[in-house]
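Predicted model, so just to flag it, every value in this text is computed and none were measured. Each residue takes its place number in the sequence, starting with 1. Every heavy atom of this structure was used, including side-chain atoms; hydrogens, water molecules and symmetry mates were not.
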Amino acid sequence: MGICVCVFCNLMFSLLQDQYDVIDKHTQSGLDLVERYVKFVKERTEIEQGYAKQLRNLSRKYLKRGTKEEQECRFTNHQAFQDVLNELNDYAGQRELIAENMITGICVELTKYLRDLKEERKTYLADARKAQQNLEISFKQLENVSKRFAKEWGEAEKAIQQAERTENDITATKAEVDKMKTLAHGRTHTAEESRNDYAAQLQKYNKEQNAFYYSEIPQLFNKLQDLDERRILSLAKGYIQFAHTETAVLPIITKCLDGISTAGKNVDAKQDSIRLIEQNKSGFDRPADVEYEDYSQAIKPATSENNINHPKVRTKLWPFTKKAKVCTPRPGGPDPRSAEAQPQGPTSPVVTGPLEGDTPRLRHLICKQCHLVVDSEDFSHLPPEQRRKKLQSKVDEINKELQKEQDQSDALVKMKGVYEQSPQMGDPASLEPQFQQTAQNIARLRGELRKYESWLAEASGDDSTNTAVNNNNKHRSLPADLSQNIYSEFDDDFEEDIEPPIGQATALYTFEGASEGTVSITEGEQLSVMERDKGDGWMRVQRANGDEGYIPSSYVQF
C-alpha cells in the first residue's frame with residue numbers, strides 16, 4: 001500500500017465487519033457534531049434577538065415624547081438620558097446584527113454544506129458495500145468451482161483405478177477393458193476441464209481481491225477521509241466565524257458605549273440652571289419697599305362704620321400665591337361665576353346675580369381685583385414671559401395640525417385623481433365628505449392661528465410692560481367697598497373691552513345646560529351671538545337676562 005494508504009484502509013485489511021462499522025460510526029459522528037453546532041448557533045441567535053428586543057423595549061419605555069417632555073429635554077441632564085437611551089437602542093441593533101450574521105454566515109452555510117456531505121458519504125459507503133459484496137460473490141463462485149473440481153478429480157481417479165483392475169482381471173473380456181478405459185478417459189477429461197475452470201476462477205478472484213484491497217477500498221476510504229477532513233475544516237471555520245461575527249461589530253458597540261460616556265460628560269449643571277431661569281422668568285418688577293405705618297397716631301372719630309380706617313394688610317406677592325384655576329367657559333368646564341370659584345375672606349367681595357354686560361373680559365377683570373387668577377384662552381393670567389412662551393407653543397401646535405390637515409387634503413386630491421383615472425378603484429364622489437371635513441378643519445385652524453398670532457404679537461410688544469405693571473398693582477390692598485370701586489375704576493376698560501354681539505339667533509329647540517360652561521335656552525327665545533361655531537359644534541350666546549354660555553350650534557338659527 002505504501003505511506004499514501006489512508007488510516008481507514010488499514011482498518012479494512014482484515015475485512016472484518018466491525019472495522020467497517022467503525023468507519024461508518026466515525027463519519028456519522030462528525031456529521032452529528034456539525035448538526036449540534038448549527039443548533040447551538042441557532043439558540044445563540046435566539047438569545048441575541050431576545051436580548052435586543054428587551055433592550056429596545058426598555059429604551060422605548062423610558063424615551064419621552066410630547067410637549068412637556070420636549071421642554072424637559074432642553075436641560076442637559078434630561079437630554080443626556082435621552083442620548084443614553086438612543087445609544088442603547090443602537091446597541092440593541094448591533095446585537096440583532098450579530099444574530100443575523102450568525103444565521104446567514106454559519107447556520108445557513110453549514111446546513112447546506114452538511115446536506116452535501118451526507119449525500120457524498122452515503123455514495124461512498126454504498127460503493128464500498130457494493131465492492132465488498134462483489135468480492136464475496138466472486139469468492140463463492142471460486143468455492144463452487146473448487147468443489148466441482150475436487151469432485152470430478154475424485155471420480156476420475158476412481159474410474160482410472162477401476163479400469164486398471166479390469167485390465168488386470170484375466171476373466172475380463174477385451175470389450176469390458178476398453179469400456180472401462182474409455183470411461184476413465186472421459187472422467188479424466190472432465191476433471192481436467194474442472195481444474196482449468198478452477199484455475200481461471202482462482203485467477204479472477206485473486207485479481208478482484210487485489211483490486212478490492214489495493215485499489216477500490218483505498219480510493220473509497222481516501223475519499224471518506226478527505227470528506228471527513230473537509231468537514232472538520234468547515235467546522236473549524238464555523239468556530240472562527242462565531243467569534244469574528246461579534247468582533248466585526250465591536251467598533252460600533254464601542255462607539256455606542258462611548259456615546260453613553262459622552263452623554264454623561266455633556267451634562268452641564270450651570271447651563272441647566274440658567275435655562276430653567278430663562279424659561280420660567282416672570283417679567284415682573286421687584287416689589288417696592290414696604291411703607292412705614294404709624295399706628296401711634298390717634299384714630300380720628302368716624303361718623304359711620306364705613307369711614308373706619310382698616311389697617312392695611314400687605315398681600316402675598318403674585319408669583320408666590322396659589323392660583324385658583326378655573327377653566328375657560330367651554331362646555332364641561334367650571335363656571336367662573338360659580339360659588340366654588342369665589343375666594344373667601346374679608347378682602348374678597350361677593351358678587352350676587354349677573355352683572356349688566358357680563359362678558360369673559362369683565363369676569364376676568366373682576367377676578368383680578370379679587371386676587372383670583374382665571375385661566376383664560378389668551379393666557380393673560382400668566383406672567384408676560386410665560387404668556388409669550390405659551391402663546392408661541394400654541395401657535396406651533398396649531399401650525400403642526402394645520403400642516404397635517406393640508407397634507408391630508410393633498411392626499412385626498414391625489415386619491416380623487418386616481419379614482420377619476422381608474423374608476424374601478426373607487427368612486428370619486430365618496431371622497432366629498434372627507435373633503436368637506438378637511439376644509440372645515442383647515443378653516444377652523446386658520447381662524448385659531450390668526451387669533452393666537454394676534455395675541456402673540458400683543459404679548460411680544462409694549463403691552464407686556466403695562467400688563468406687568470397692572471399685575472403688580474393688583475396686589476395692593478383693596479378698599480372696603482369693593483363692589484362700588486370695581487365699576488368706577490374700570491368704567492373706561494368696560495367701555496373698550498365689552499364684546500359686542502356679532503349677530504342675533506332664535507332658539508329652535510329647548511336646551512338644558514346641565515354641564516358647566518353651558519347655558520339653558522327655551523324654544524323661540526331670542527339670543528345674542530357672542531362667538532361663532534369654531535368647528536367643534538358649539539357657539540357662545542348671551543340671553544336677555546345676561547346669562548352667557550355655550551349651546552349646540554344646531555339648536556339655533558343664526
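- For V395, the side chain to side chain contact (heavy atoms under 4.5 Å, CB included) partners two or more places apart in sequence, or in a different chain, are N399, L449, Y452, E453, L456.
- With sequence neighbours excluded, the residues forming a side chain to side chain donor-acceptor pair (under 3.5 Å) with Q526 are T506, listed by chain and number.
- Contacts of N57 classified as side chain to side chain donor-acceptor pair (under 3.5 Å), with partners at least two apart in sequence or in another chain: R60.
- Scored by the side chain to side chain contact (heavy atoms under 4.5 Å, CB included) test, Q436 finds no partners at all (sequence neighbours excluded).
- The stretch residues 246-257 participates, sequence neighbours left out, in these salt bridge (charged side-chain N to carboxylate O under 4.0 Å, His left out) pairs: R44-E246, R95-E246.
- Residues that satisfy the side chain to side chain donor-acceptor pair (under 3.5 Å) test with Q392, not counting sequence neighbours, are D396.
- The side chain to side chain contact (heavy atoms under 4.5 Å, CB included) check on D90 picks up E87, C256, with sequence neighbours excluded.
- Using a 4.5 Å cut-off on side-chain heavy atoms (C-beta onward), Y91 and I253 make contact.
- Note on residues 501-528: pairs passing ring pair (Phe, Tyr, Trp, His ring centres under 6.0 Å), not counting sequence neighbours, are Y509-Y555, F511-Y555.
- The side chain to side chain donor-acceptor pair (under 3.5 Å) check on N89 picks up R56, with sequence neighbours excluded.
- Every residue meeting the side chain to side chain contact (heavy atoms under 4.5 Å, CB included) condition with Q271, not counting sequence neighbours, appears here in chain and number order: T76, D268, R275.
- Here F242 pairs with F40 under the ring pair (Phe, Tyr, Trp, His ring centres under 6.0 Å) rule; sequence neighbours left out.
- Each salt bridge (charged side-chain N to carboxylate O under 4.0 Å, His left out) pair with one or both residues in residues 406-424, not counting sequence neighbours, appears once here: K416-E432.
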